[in-house]
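Proteins get letters first, then strands, A, B, ... in listed order; numbering begins at 1 in each.
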Amino acid sequence: MTERNTYYITTPIYYPSDNLHIGHAYTTVAADCLARFKRMQGRDVFYLTGTDEHGQKIERTAREKGQEPIEYVDNIVISIKELWDRLMISHDDFIRTTETRHRAVVQKLFQKVYDQGDIYVSEYEGWYCTPCETFFTERQLAEGKCPDCGREVELLKEESYFFRMGKYTERLLAHIAANPDFIQPESRRNEVVSFIKSGLDDLCVSRTTFSWGVPVPFDSKHVVYVWFDALINYLSGIGFLAEDENADNFRYWPADVHLMAKDIIRFHAVIWPAMLMAANIPLPKKVFAHGWIMLEGGKMSKSKGNVVDPVVLINKYGVDAVRYNLLKELSFGQDGYYSEEMLVGRVNADLANDLGNLVSRTAAMIIKFFGGILPAPAVTEALDEELKSQAAATFKEATDRLDRLDFTNYLQAVLRLVSRANKYIDETEPWALGRDENRKGRLAAVMYNLAECIRISGILLAPAMPTYNERLNAQMALFADPLKLNWDDAGQWGLAQPGLAVKKGKALFPRIDISSLDLPVAEEAEQGAAAAPAESKSEAASGAELVSIEEFARLDLRVAEVIAAEKMPKADKLLILKVKLGDEERTVVAGIAQHYTPEELVGKKVVIVANLKPVKLRGVESHGMILAASTDTVVAVLSPDKDLPSGSKVK
RNA sequence: CGCGGGAUGGAGCAGUUGGUAGCUCGUCGGGCUCAUAACCCGAAGGUUGCCGGUUCAAGUCCGGCUCCCGCAACCA
């Protein structure tokens, strides 16, 4: 065997501007599953995760809260580490880009690439918003103004260092072509290739407009910008280029897998390899992008109240169930939908009904027929061979699927063995065997074979469900040490020791009553928000602040007649309406294009706020706002229920 | 023509290099009683979004079209 024994796997480093959600948990759990699997196979595994803590956004947010940036991120990092704890993430290290061990490597690499001629100083030109201290590209601007604050921007030049990424175009394409597994899945590879072919610009790798970052070693006005800083964590996390005691960890490079969500594949499949080429460092073996988790009712957002807090789910269902569901329910590599209802369904069907119940009924029978001592198999029959060969096939398939990061089918394969075992009980009818003393030998073999299926599936499930085997072992003492399992033991039949003790225990995966779920996510999210440092609730209908009649009177509400309506070009939600207000005509832009067609509105009398400050939307000036009532899904424009002349006052 | 994903039995999804369409849940019928109202068997249910092309053969390749969904933009 010449294959090296190390296995280095990474997640992205997360940006601590907010608490993490289920999407981050997904990546990290998947990587953890792989790391545990490889460890069980005896590989020398290094699993790295961490946080990307630099940048203007962090700096500004911290200042707004009256904190030092480091103080601000320290707090968030604590909560992230707690989350990984709860999810039983087994990372070997946690790298923070603010640590000196990271900063030193960034500076060394920057210097190295500079010395070698691939970093040069030039000018970055962009639209600059002075109050926001931010550059924007032409495309980012909102009607020529700052997309953040709406103020004027000016075309400014900033001195910046640039990385000659364009130079590596051909080498990148050649490498991708020569290594089909480098970018996975395939659809992402195609995307990256066409992106590269469309032309690579040199990359701006330093900034002078903020200071919260790693200083450029030879030019202290500059800090290293974003990706040139962040990506290097994969090296600094194992002490690469450091001349110190960590040198031992060099052996992990090149990384076996960089795992991430699809939105940052380009940075990992283009910028990162180009940087490594420039620094003359071997490229990682594989860059794998999985899909996004979508939530029922659209993308998760705070205003929709559908943010899923993994901690809440763990408290409710346990870490094994949460991890299992993430890995099983979503086809890795593709986008998928998530809902708590699905989680409950999955957990009930697979873990409670099939797996948990298999353990429960087997244990009960061993207790009933053999006094809680696992018997040795005595009388075997042909049927047993089929069971054994399926167990062997399951081991092979699970191994194979995991190696391909196909978590869904890995778990499906294991569950098929569990199902087979349940069927085996029906086929052998142990309760009938138990009534006949002459068939006790056969009964013993049946019990033993079931225990074997439980043992094997237990090993195979260990990477996904880190607490399962410990809990299982309390009922059926199949393992000497349930925390130190050997993967290949699942490939051998007959390792369960006859004589081991079987005890009645609590249900390993209690069935969840789905009808008892009361608006689970929304309610829990509220609790989470309440516990978090006070963030004001924006729209509490009942507890709305009271206003005086004078304040209300400041609004000039009028009946207006829609005389023309058209869709705003290149906008999904906007309609441009011409309305008549008495003798006056004015243009109002309304965000109701997804609920009303222009035809429906023409001739309609609506209510508008007539004295609203005009604003430009997509280049069209809007003089007023149409009033409409709405829920998440329905929008209804208000209209007086008697015919009134346009211009009538509303109060 | 901003970027990307998708359209497969009631629902959610698989379908590797083209060769009779599978899985989970649900529904209906049956069986069993060791078990967490769990388990096992059987059945119904799809002209694989539309049109055209390549081929002996296409869900699977090519072209066109329609519709959905994310990102971005945007809700005065």
Side-chain angles (χ1 to χ4, degrees), chain A residues 139-143 147 186-188 190-191 194-195 198 262-263 265-266 291-296 298-300 303 328-331 333-339 341-342 344-346 348-369 404 406 408-409 412 415-416 418-434 443 446-447 450 504-514 568 570-575 588-595 608-609 611-618 621-628 630 635:
Chain A
R139 284 212 43 196
Q140 289 174 308
L141 297 180
E143 312 312 329
E186 198 180 317
S187 59
R188 292 272 104 69
N190 296 337
E191 185 188 330
S194 66
F195 173 72
S198 75
K262 66 181 184 182
D263 51 335
I265 184 73
R266 285 184 187 176
W292 277 334
I293 297 183
M294 241 73 83
L295 299 181
E296 303 261 319
K299 182 86 179 164
M300 57 185 120
S303 57
K328 174 82 188 285
E329 194 66 38
L330 303 147
S331 208
Q334 293 201 0
D335 291 355
Y337 285 84
Y338 167 88
S339 72
E341 214 178 313
M342 284 167 151
V344 169
R346 189 87 265 145
N348 276 345
D350 290 4
L351 299 182
N353 295 353
D354 287 1
L355 178 62
N357 188 38
L358 173 67
V359 173
S360 175
R361 61 202 303 211
T362 303
M365 288 188 284
I366 294 174
I367 291 166
K368 180 170 179 181
F369 299 126
R404 286 151 56 184
D406 182 356
T408 306
N409 285 305
Q412 196 175 85
L415 260 289
R416 264 203 300 271
V418 170
S419 270
R420 185 66 191 80
N422 274 317
K423 183 174 174 178
Y424 180 79
I425 294 179
D426 254 63
E427 291 165 333
T428 53
E429 300 186 319
W431 50 91
L433 299 174
L443 181 60
V446 169
M447 291 302 116
L450 288 171
K504 181 86 188 135
K506 278 191 311 205
L508 293 170
F509 299 101
R511 235 185 112 74
I512 304 157
D513 182 1
I514 192 148
M568 173 85 74
K570 305 189 84 171
D572 299 338
K573 301 184 180 176
L574 302 181
L575 290 180
V588 174
V589 178
I592 53 176
Q594 289 170 334
H595 304 278
I608 72 166
V609 182
N611 61 342
L612 201 66
K613 209 162 102 186
V615 77
K616 259 194 185 180
L617 289 171
R618 285 249 147 210
E621 191 137 293
S622 176
H623 300 269
M625 176 167 81
I626 306 276
L627 295 188
S630 64
V635 170

Whole Å only: how far is the CD1 atom of A/I293 from the P atom of B/C13? 13 Å

Please state how far atom CZ in A/R188 lies from atom C1' in B/G5, giving the value in whole angstrom units. 8 Å

Output for pair (A/K368 NZ, A/L443 CG), nearest 0.5 Å, gives 10.5 Å

Does a side-chain heavy-atom distance below 4.5 Å link A/E191 with A/K262? no

Within the 4.0 Å heavy-atom criterion, would you say A/I626 contacts the bases, only the backbone, or no part of the nucleic acid? nothing

If I pick the P atom on B/G49 and the same atom on B/G12, what distance separates them, to the nearest angstrom? 14 Å

B/A35, B/G12, B/C34: which one has an atom nearest the side-chain heavy atoms of A/W431? B/C34

Expected output: side-chain A/N348 to main-chain A/R511 donor-acceptor under 3.5 Å: no

Pairwise P distance for B/G15 and B/G6, with rounding to whole Å: 10 Å

Using a heavy-atom cut-off of 4.0 Å across all strands, would you classify A/F509 as base, sugar-phosphate, or nothing? base

Donor-acceptor pair, distance only, cut-off 3.5 Å: does the side chain of A/D406 make one with the backbone of A/N409? yes

Least distance between heavy atoms, A/F509 atom then A/L351 atom: CD1-O, 3.5 Å

Nearest heavy atom decides the nucleotide; on that basis, is A/G345 or A/L358 closer to the 5' end of RNA chain B? A/G345

Greater than 12 external heavy atoms within 6.0 Å of A/E427's CD: yes

Taking the C1' atom of each, how far is B/C13 from B/A21, in whole Å? 14 Å

Evaluate A/E341 against A/R346 for salt bridge (charged side-chain N to carboxylate O under 4.0 Å, His left out), listing each step before the verdict. CA-CA 9 Å; A/E341 214 178 313; A/R346 189 87 265 145; over 6 Å; no

Given the P atoms of B/U47 and B/G22, what is the spacing between them in whole Å? 15 Å

A/R416 has an atom CZ; how far is it from atom P of B/C23, in whole Å? 10 Å

Is the shortest heavy-atom distance from the side chain of A/R420 to the side chain of A/N422 under 4.5 Å? no

Please report the distance, rounded to the nearest Å, between CZ in A/F369 and C1' in B/A35. 12 Å

Mind checking the C1' distance from B/C62 to B/U54? Whole angstroms is fine. 7 Å

Take atom P in B/G2 and the same atom in B/G64, then report the distance between them in whole Å. 16 Å

Could you go through nucleotides 38-42 of chain B and list every protein N or O atom that sits under 3.5 Å from one of its N or O atoms, giving the distance for each pair?
| residue | atom | partner | partner atom | Å |
| --- | --- | --- | --- | --- |
| B/A38 | OP1 | A/R511 | NE | 3.2 |
| B/A38 | OP1 | A/R511 | NH2 | 3.0 |
| B/A38 | O2' | A/N353 | O | 3.2 |
| B/A38 | O2' | A/N357 | ND2 | 2.7 |
| B/C39 | OP1 | A/D354 | OD1 | 3.4 |
| B/C39 | O2' | A/R361 | NH1 | 3.0 |
| B/C41 | OP1 | A/K423 | NZ | 3.2 |

When rounded to the nearest Å, what value does the distance between P atoms of B/U17 and B/C32 take? 46 Å

Over how many whole Å does the gap from A/Q412 atom CD to B/U16 atom P extend? 15 Å

Is A/R404 touching bases, backbone alone, or none of the nucleic acid, heavy atoms closer than 4.0 Å? nothing

Pick the closest RNA chain B nucleotide for A/R266 and for A/V359 by heavy atoms, then say which residue is nearer the 5' end. A/R266

Between C1' on B/C34 and CD on A/E427, what's the gap in Å once rounded to a whole number? 15 Å

Dot-bracket summary - RNA chain B, pairs being Watson-Crick or G-U whose distances fall under 3.5 Å, with | when paired to another strand: .((((((..((((.....[..)))).(((((.......))))).....(((((..]....))))))))))).....

Length of the line joining A/K368:NZ and B/U33:P, which is rounded to integer Å: 11 Å

Could you state the atom-to-atom distance from CG of A/D406 to C1' of B/C13 in whole Å? 13 Å

Counting only side-chain nitrogens and oxygens, does A/W292 get under 4.0 Å of the OP1 or OP2 atom of B/G70? no

Pairwise P distance, B/C56 and B/G18 [rounded to whole Å]: 15 Å

Are A/L508 and A/L355 side-chain neighbours, meaning at least one heavy-atom pair lies under 4.5 Å? no

With a 4.5 Å limit on heavy-atom distance, are the side chains of A/K328 and A/D350 in contact? yes

Using modelled atom types and a 3.5 Å cut-off, is there a donor and acceptor pairing between side-chain atoms of A/T428 and backbone atoms of A/Y424? yes

